Number of protein chains: 2
Amino acid sequence: MNPKTGLLEPLESLSMTDRVENILREYFTENAFKPGDALPNEMEIAQKLNVSRNVVREALSRLRMLGMIEARPRRGMIMAQPDLLAGIEKVLNPFILSKSNQNDIFELRLILEMGIAEFLFARKTPKDLDELEAIVEKQKGLPVLSKEDEIEFHGKLYDMTGNETFQRFQSLLFPVFEHVFATMVTTTEHAAPANPVSHYDLFKILKDGTPEEFRKAMHIHLSVYYNTIRR
Amino acid sequence: MNPKTGLLEPLESLSMTDRVENILREYFTENAFKPGDALPNEMEIAQKLNVSRNVVREALSRLRMLGMIEARPRRGMIMAQPDLLAGIEKVLNPFILSKSNQNDIFELRLILEMGIAEFLFARKTPKDLDELEAIVEKQKGLPVLSKEDEIEFHGKLYDMTGNETFQRFQSLLFPVFEHVFATMVTTTEHAAPANPVSHYDLFKILKDGTPEEFRKAMHIHLSVYYNTIRR
DNA sequence: CTATTATATTTGTAGGACAAATAAAAAGAT
DNA sequence: ATCTTTTTATTTGTCCTACAAATATAATAG
């Protein structure tokens, strides 16, 4: 109820499980729990919050899924390092996502691909470049690149960013990306022309050029995807 | 047990809850459930899988948290549109994340910021530009920009991408980003010099320039952050 | 036909029991 | 005294039963 405007607003209707989950997450922060720290056991929590152990277990099950806690007989529960991508990993399924969400994911993957240049240049090593070179040399003679070829090259780039979360996230997005693009191709195009900027070109720029040149080239490399962008 | 090498490998030790969760997610995909479709009720699932109703509820609680299912008395459960970011939202807390994860998030936000140019140019409207202009005009006279000023400008950019998932994700990343940068600044710098590329500059390029010019300018605008990148 | 009331159904919560899997303590061997 | 093995205690994991709460559906009244 907003007294100023007189509008009726929906009452909050969180289940006990939702509320226990929220309380526990706040509790972890307020008490500065670190991975390895012992947590109160289920019965203590249930008694402190005056709810049944079942409700506590339902809430804890969620936190367990996020990797935030681990549980052992006798020892009880301990804090763990959450898995940033545990949640999204379980919903990145093109068959259950809306078209709108799928398109967002498709674009998000392009956004991420365009944004990594600085990190590639900051962190490339001679070893990395050798390995990338081996990949592009192997691909040079192929008339058309397979999905696996694409994954191999771009996957190596992701590794080279030195950002594990990025690498994993970008890889998780691929099935939805591919799915979205597959539905587009069916309706709009028959054959993909040779890419004006090849993997080899990108490799050469990464080896001897600048982040800016890399971004320019990557945009062209990805033009088949960028051409699908709706206004 | 790998018979070739004789190495012992850990046995899989999923709880029943983990297994029920996995089974349910597969079941949703295999049966092409769409938002609004009725699902089997808890007792049916428990009987079909030969587990207790509690275990089913613990698994469903997780799916509920991800927004994948909704439950009503008598009607039962229905499929819902999952919330892509429900999981990560609950763990994007700088106080429980490792330094390594925090740094990954800091960088991920920079990657995303650098990648949105094409979408801004594809989707900018005269109305958007007017609104963005109003923001930069308001900020022009300020000697130093506050956090809120930064959020206002960049937030408008995120809106302009027309990608709701991106907008929300980038916003969710901000507290960790800010936290990481705050720990860096304390140890390395005292005062931030005026930005060589202002919000106004970015606005002008967005209005009259090219995506490439925008990316170049954004990189300079973000140089205070990019200068912190470890090799 | 529409509105109201009653009923049926399923989820949400509670409490109890015991199996399973350790972690910790105790006992035994060197 | 230290190390290894066995025993015990503790907590989680799973199961069961019961009933309250909140609808969704069916029945009744106007």
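Letters A, B, ... mirror the listed sequences (proteins, then strands); counts begin at 1. What you see is a predicted model; the values in this text were computed from it and never measured.
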Trainee: From A:Leu172 CG over to A:Lys90 NZ, what is the distance, rounded to the nearest 0.5 angstrom?
Mentor: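 Interatomic distance, A:Leu172 CG to A:Lys90 NZ, rounded to 0.5 Å: 11.5 Å.
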Trainee: Can you tell me how far C1' of D:dT12 sits from CG of B:Asp18, to the nearest Å?
Mentor: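 Taking atom C1' of D:dT12 as the reference, CG of B:Asp18 is at 13 Å.
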Trainee: Mind checking what makes side-chain contact (heavy atoms from CB on, under 4.5 Å) contact with B:Lys34, not counting sequence neighbours?
Mentor: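 Partners of B:Lys34 by the side-chain contact (heavy atoms from CB on, under 4.5 Å) criterion, ordered by chain and then number, come out as B:Ala32, B:Asp37.
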Trainee: Which pairs count as ring-ring contact (aromatic ring centres under 6.0 Å, His included) when at least one residue sits in residues 88-110 of chain B, sequence neighbours excluded?
Mentor: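 Checked against ring-ring contact (aromatic ring centres under 6.0 Å, His included) - neighbours excluded - the pairs reaching residues 88-110 of chain B are B:Phe95-B:His179, B:Phe106-B:Phe177.
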Trainee: Could you tell me whether the side chains of B:Glu113 and B:Tyr158 share a donor-acceptor contact shorter than 3.5 Å?
Mentor: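 Yes, because at least one side-chain N or O of B:Glu113 sits under 3.5 Å from a partner of the opposite role on B:Tyr158.
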Trainee: What is the distance, rounded to the nearest whole Å, between atom CD of A:Glu70 and atom P of D:dT11?
Mentor: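 Distance check: A:Glu70 CD to D:dT11 P gives 18 Å.
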Trainee: Pull out every residue in residues 39-46 of chain A that has a heavy atom closer than 4.0 Å to any atom of DNA chain D, ordered by number, or say none.
Mentor: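 Heavy-atom contacts with DNA chain D come from A:Asn41, A:Glu42.
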Trainee: Roughly, in whole Å, what's the span from CD1 in A:Ile78 to C1' in D:dT12?
Mentor: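 Whole-Å distance recorded here is 13 Å.
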Trainee: If the threshold is 4.0 Å, N to carboxylate O, is there a salt bridge linking A:Arg62 and A:Glu58?
Mentor: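 Salt bridge between A:Arg62 and A:Glu58, a charged N being under 4.0 Å from a carboxylate O: no.
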Trainee: For B:Arg25, enumerate each residue passing the side-chain hydrogen bond (donor to acceptor under 3.5 Å, both in side chains) test, keeping only those at least two apart in sequence or located in another chain.
Mentor: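 Once residues adjacent in sequence are excluded, the partners of B:Arg25 under the side-chain hydrogen bond (donor to acceptor under 3.5 Å, both in side chains) criterion are B:Glu21, B:Asn22.
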Trainee: Just to be sure I understand the geometry, which residues of residues 20-29 of chain B put a non-hydrogen atom under 4.0 Å away from DNA chain D?
Mentor: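 Contacting residues: none.
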Trainee: Sequence neighbours excluded, which residues qualify as salt bridge (Lys or Arg N to Asp or Glu O under 4.0 Å) partners of B:Glu150?
Mentor: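 In terms of salt bridge (Lys or Arg N to Asp or Glu O under 4.0 Å), with neighbours along the sequence ignored, B:Glu150 is linked to no residue.
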Trainee: Counting only side-chain N and O atoms of A:Ser52, is one of them less than 4.0 Å from OP1 or OP2 of C:dT13?
Mentor: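 For C:dT13, neither OP1 nor OP2 has a side-chain N or O of A:Ser52 closer than 4.0 Å.
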Trainee: Using a 3.5 Å cut-off on both pairing distances, which stems of three or more Watson-Crick or G-U pairs include DNA chain C?
Mentor: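 Detected stem regions: C:1-30 with D:1-30.
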Trainee: Kindly compute the distance separating CG (A:Asp159) from CG (A:Leu132), expressed to the nearest 0.5 Å.
Mentor: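 With rounding to 0.5 Å, CG (A:Asp159) is 10.5 Å from CG (A:Leu132).
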Trainee: Rounded at 0.5 Å granularity, tell me how far CD1 in B:Ile23 sits from OH in B:Tyr27.
Mentor: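 If I round to the nearest 0.5 Å, the distance is 12.0 Å.
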Trainee: If we count only N and O atoms by modelled type, under 3.5 Å, do the side chains of A:Asp128 and A:Thr125 hold a donor and an acceptor together?
Mentor: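 There is such a pair (donor and acceptor under 3.5 Å, judged by atom type) between the side chains of A:Asp128 and A:Thr125.
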Trainee: Please confirm whether the shortest side-chain N or O distance from B:Thr17 to OP1 or OP2 of D:dT14 is below 4.0 Å.
Mentor: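 So the side-chain polar atoms of B:Thr17 do come within 4.0 Å of the phosphate oxygens OP1 or OP2 of D:dT14, strictly under.
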Trainee: Should B:Asp149 and B:Lys138 count as an ion pair when the cut-off is N to O under 4.0 Å?
Mentor: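 A salt bridge is absent here (no side-chain N lies under 4.0 Å from a carboxylate O).
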Trainee: Under 3.5 Å, is there an N or O donor on one side and an acceptor on the other linking the side chain of A:Asn54 and the base of C:dG12?
Mentor: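 By the distance-only test, no, there is no pair.
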Trainee: Measuring from atom CG of B:Leu60 to atom OG of A:Ser61, what distance do you get when rounded to the nearest 0.5 angstrom?
Mentor: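 B:Leu60 atom CG to A:Ser61 atom OG measures 10.0 Å (nearest 0.5 Å).
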Trainee: How would you summarise protein contacts on nucleotides 18-26 of chain D per nucleotide, using B for base, S for sugar-phosphate only and - for none, with heavy-atom distances below 4.0 Å?
Mentor: B---BBBS-
Trainee: Any carboxylate oxygen within less than 4.0 angstrom of a Lys/Arg side-chain nitrogen, looking at B:Arg64 and B:Glu70?
Mentor: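 No.
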Trainee: Is there a residue in residues 56-69 of chain B whose heavy atoms reach under 4.0 Å of DNA chain C, and which residues are they?
Mentor: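 Under 4.0 Å from DNA chain C: B:Arg57, B:Arg64.
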Trainee: Using the ring-ring contact (aromatic ring centres under 6.0 Å, His included) criterion, which residues pair with A:Tyr226? Sequence neighbours excluded.
Mentor: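 A:Tyr226 satisfies ring-ring contact (aromatic ring centres under 6.0 Å, His included) with A:His219, B:Phe119 once adjacent residues are dropped.
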Trainee: My understanding is that only residues two or more places apart in sequence, or in another chain, count here; which of them pass side-chain hydrogen bond (donor to acceptor under 3.5 Å, both in side chains) with A:Arg168?
Mentor: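 A:Arg168 satisfies side-chain hydrogen bond (donor to acceptor under 3.5 Å, both in side chains) with A:Asp83, A:Glu89 once adjacent residues are dropped.
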Trainee: Sorted by first residue and then second, give each salt bridge (Lys or Arg N to Asp or Glu O under 4.0 Å) pair with at least one member in residues 98-109 of chain B; sequence neighbours left out.
Mentor: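 Qualifying pairs: A:Arg123-B:Glu107.
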